[in-house]
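To start, the structure itself, in structure tokens.
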Amino acid sequence: MRRRLLSSTLVVAVIAVLLLGVPLGVVVSRLIVDEAGQELQSDARRLLGEVEYARIQDEPIDAEQLARNYPDRYIQVYEGGNPPRATIVGTEPPTGRKMTADANSESGVWVQVSRDRGEVESDVRARLLLIVALAAAALAVAVGLAIVQSRRLTLPLRDLAMIAERLGSGDARPSKHRYGIQELDRVAEVLDRSATRISDLLSREREFATEASHQLRTPLTGLTMRLEEIVGAADEPEVVREEGEAAIVQAERLTSVIDELLSAARRQRHSQAAPIAIDPILVQQVTEWEPAFRRSGRKLMLDGDRGLRAMATPGALGQVVASLLENSLEHGGGPVIVTTSSTEKSIVIEVGDQGPGIADDLAPRVFERNVSGGGGTGLGLTLARALAAADGGRLELLRPRPAVFGVFLLPVRRDGEENGGLNGDGRNRAVSGPA
């Protein structure tokens with residue numbers, strides 16, 4: 001797109017310069033030649049008047065004075081009389097480059113003034129070069145404006161493409177980026193609304209799955225216990241015993257189905273975790289959040305080991321880090337440092353600031369749903385912890401004051417190791433549960 005914008009703008013600028021510059025060059029050259037001719041004619045008339053005045057005063061023509069008054073001119077003066085007189089001043093130009101103008105009077109005086117056409121042509125070339133230079137400057141300005149405009153259009157489009165790709169990968173977090181272009185801002189608003197809706201849907205889906213499994217498991221367990229009591233107490237009625245045993249079998253079968261569905265859902269979530277490099281994700285998050293911290297007069301820095309790889313999904317890990325940075329921006333203070341390190345069992349990402357931290361009574365419940373110390377929704381850290389756990393990792397509060405959170409991820413093991421190594425189909429295996 002940038003190349004097309006540059007080429008189209010350059011073509012338009014070249015056409016405009018040609019349509020304006022070529023006629024302007026022709027008009028300027030003609031004006032210069034006509035002006036030179038008019039100047040020669042004016043010199044001839046003035047010289048004729050001076051010669052007539054000298055005759056009236058009965059004074060001879062002073063050739064040196066004429067040379068001073070008309071520099072760079074070849075002058076011929078012919079006076080009728082007996083005998084006739086001729087006065088010639090200056091050097092005659094070459095025949096092919098000679099411009100002349102003459103004048104005569106009724107008293108028999110004829111004068112001719114000539115000049116070298118090369119001087120006029122040099123003036124024409126200088127003016128044409130000036131026009132060409134201005135045309136080149138106009139093209140350069142047009143190209144510069146095209147580059148600026150193309151960047152202003154293409155960079156937001158690339159940013160929107162990255163946001164859409166991140167949204168498709170599961171990072172349902174509004175970007176809140178605006179670019180000063182109405183159409184692009186409209187697209188960004190639509191993407192933000194879609195991200196919010198997707199995040200709400202995912203949150204409701206997780207809440208529904210958790211609450212449904214809990215609500216179904218509890219009555220089923222109670223039903224099983226009641227039926228067991230009925231079977232144990234029904235010594236005489238064989239029919240009651242038979243039906244009670246059948247009810248127990250049905251209840252156990254239903255419980256088994258629920259457990260299998262939940263296990264399949266966990267396996268599906270965990271199978272998305274793959275070996276990834278964490279540096280690009282952290283650099284992306286720091287780049288996105290740094291302007292917000294800078295507007296708040298705070299610094300956001302990335303430190304620690306580089307080149308680390310872990311078992312995770314890019315969207316989920318990016319959202320976990322984004323939630324921690326957002327939490328630090330709203331409730332923390334001072335510079336925020338994202339530090340990466342590795343141990344034998346985990347890849348650790350720490351996010352800490354120098355703010356007042358978390359109150360002692362709130363620290364044990366900071367990951368609980370609807371628990372917030374700053375007037376928030378209390379869902380951010382809860383969802384972040386759930387996303388980390390879905391990839392086989394965990395999110396912990398390492399220090400309450402100042403607050404430091406740690407994300408522990410499964411490292412990418414070498415072939416043949418038990419955890420995180422290659423499974424039977426040749427893929428890295430993510431172990432469910434904390435690192």
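Every value quoted in this text rests on a predicted model; they were computed, and no experiment measured them. We're numbering straight along the sequence, starting at 1.
Scored by the salt bridge (Lys or Arg N to Asp or Glu O under 4.0 Å) test, Glu119 finds Arg115 as partners (sequence neighbours excluded). Judged as a side-chain contact (heavy atoms from CB on, under 4.5 Å), and not counting sequence neighbours, the contacts of Val22 are Leu18. For Asp305, the side chain to side chain donor-acceptor pair (under 3.5 Å) test picks out no residue, with sequence neighbours left out. Residues meeting the salt bridge (Lys or Arg N to Asp or Glu O under 4.0 Å) test with Lys98, sequence neighbours left out: Glu92. For the side chain to side chain donor-acceptor pair (under 3.5 Å) test, residues two or more places apart in sequence or in another chain that qualify with Asp116 are Arg97. Evaluation of the side-chain contact (heavy atoms from CB on, under 4.5 Å) rule for Ile15 yields Val11, Leu19 as partners, not counting sequence neighbours. Gln354 pairs by the side chain to side chain donor-acceptor pair (under 3.5 Å) definition with nothing, not counting sequence neighbours. Applying the side chain to side chain donor-acceptor pair (under 3.5 Å) criterion to Thr100, with sequence neighbours excluded, gives no partner residue. Take Ser122 and apply the side-chain contact (heavy atoms from CB on, under 4.5 Å) test, not counting sequence neighbours, and it matches Arg125. Taking the salt bridge (Lys or Arg N to Asp or Glu O under 4.0 Å) definition, one finds that Arg306 meets it with Asp279, sequence neighbours left out. When the side-chain contact (heavy atoms from CB on, under 4.5 Å) test is applied to Leu145, the partners found at least two apart in sequence or on another chain are Val141.
In this structure, Arg385 and Leu395 approach most closely via the heavy-atom pair NE-O, 3.0 Å. Between Tyr74 and Pro93 the shortest heavy-atom distance is CB-CD, 3.8 Å. Annotation for Val17 and Ala138: closest pair CG2-CB, 4.5 Å, computed over non-hydrogen atoms.
With a 6.0 Å cutoff to the six-membered ring centre and a 45° limit on the axis angle, Arg298 does not count as a cation-pi contact of Phe293.
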Checking side chain to side chain contact (heavy atoms under 4.5 Å, CB included) for the pair Leu409/Met311: CA distance, chi angles, key distance, verdict? CA-CA 7 Å; Leu409 302 174; Met311 299 295 298; over 6 Å; no
Could you please spell out the steps behind the side chain to side chain contact (heavy atoms under 4.5 Å, CB included) verdict for Trp289 and Val336? CA-CA 11 Å; Trp289 284 93; Val336 177; over 6 Å; no
Does the pair Arg46 and Tyr70 meet the rule for a side chain to side chain contact (heavy atoms under 4.5 Å, CB included), with working shown? CA-CA 11 Å; Arg46 187 168 68 252; Tyr70 301 91; 3.2 Å; yes
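For CZ of Arg127, the number of neighbouring non-hydrogen atoms (other residues, nucleotides, ligands) closer than 6.0 Å is 12 at most.
Here the side chain of Glu350 pairs no donor or acceptor atom with the backbone of Val407 at under 3.5 angstrom. Thr382 contributes a side-chain N or O that, together with a main-chain N or O of Phe367, makes up a donor-acceptor pair within less than 3.5 Å.
Looking only at side-chain heavy atoms (C-beta outward), Leu300 and Val338 come within less than 4.5 Å of each other.
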Residues 26-40 side chain polar contacts: donor-acceptor under 3.5 Å, at least two apart:
residue	atom	partner	partner atom	Å
Ser29	OG	Gly25	O	3.2
Ser29	OG	Val26	O	2.7
Glu39	OE2	Arg73	NH2	3.3

